[in-house]
Amino acid sequence: MVEIIRAIQDEYPEDFAWCYGCGRMNKEGHHFRTVWDGEQTVTIYEPKEEHIAIPGFVYGGLIGALVDCHGTGSASLALHRKNGFEPGSGETPPRFVTGSLHVDFLKPTPQKIVLKAIGHVEEIHPKKFKVTTEVFAGEVLCARGEVIAVLMPASFGKQ
């Protein structure tokens, strides 16, 4: 299993690190963390007991959030690398928002098993990246998704 030491989400400025899915500043959030594993991206997450749909299975909203945050984090990793940087380099990474999200649920996702989201990134425009993601519970492919991630404008959130 990939060891996540320095994720792209660790590098987001505090003002933009509040996402319920991946924001390190959100005490109640999931704290998804995304890294490179060769030429693909990976997020590892262990669902909590309360992430239940029916006994023994994870609810779909968690899977959707995982695909969403993995997608925007993967886009950030890709553009950061294209700009010549990696997490831990000291440079602030680009931040993305979700332009579209699509998830296909292939099999029920069992609880009490670590989830692994594996992403492949494709630049489709200087300000847009497409990330396809597969979510595994152990060796079982449970979901497949796609995110179109849009580069957040530098003026976003400024009055």
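Positions are given from 1, in the same order as the sequence printed here.
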Would you compute the distance between atom [atom1] of [X] and atom [atom2] of [Y] and round it to the nearest 0.5 angstrom?
| X | Y | atom1 | atom2 | value |
| --- | --- | --- | --- | --- |
| Glu134 | Arg144 | CD | CZ | 5.0 Å |
| Phe96 | Ser74 | CZ | OG | 10.5 Å |
| Met152 | Ser76 | CE | OG | 9.5 Å |

With a cutoff of under 4.5 Å between side-chain heavy atoms, which Ile, Leu, Val, Met, Phe, Trp and Tyr residues group with [X]?
| X | value |
| --- | --- |
| Val147 | Phe32, Tyr45, Val58, Tyr59, Leu62, Ile63, Leu66, Val67, Leu101, Val103, Phe105, Leu115, Val135 |
| Ile124 | Ile148 |
| Ile113 | none |

Tell me yes or no: between the side chains of Gln9 and Thr34, is some donor less than 3.5 Å from an acceptor? yes
Side-chain donor-acceptor contact under 3.5 Å, Asp68 with His70: no
Where Tyr12 and Cys22 come nearest, the two heavy atoms and their spacing: CE1-SG, 4.4 Å
Derivation and outcome, side chain to side chain contact (heavy atoms under 4.5 Å, CB included), residues Leu79 and Leu151: CA-CA 9 Å; Leu79 184 54; Leu151 184 62; 3.8 Å; yes
Look at the side chain of [X] and the backbone N and O of [Y], then say whether any donor-acceptor pair between them is shorter than 3.5 Å.
| X | Y | result |
| --- | --- | --- |
| Glu11 | Gly88 | yes |
| Glu28 | Tyr20 | no |
| Arg33 | Ile5 | yes |

Salt bridge check: are [X] and [Y] linked by an N-O gap of less than 4.0 Å?
| X | Y | answer |
| --- | --- | --- |
| Lys128 | Glu123 | no |
| Arg24 | Asp10 | no |
| Lys112 | Glu49 | no |

Is there a side-chain contact between Thr109 and Phe57 in this structure, where contact means two heavy atoms from C-beta onward sitting under 4.5 Å apart? no
Can you find a pair of side-chain heavy atoms, one from Thr133 and one from Glu146, that are under 4.5 Å apart? no
Would the number of heavy atoms belonging to other residues, nucleotides or ligands and lying under 6.0 Å from CD of Glu50 be above 12? yes
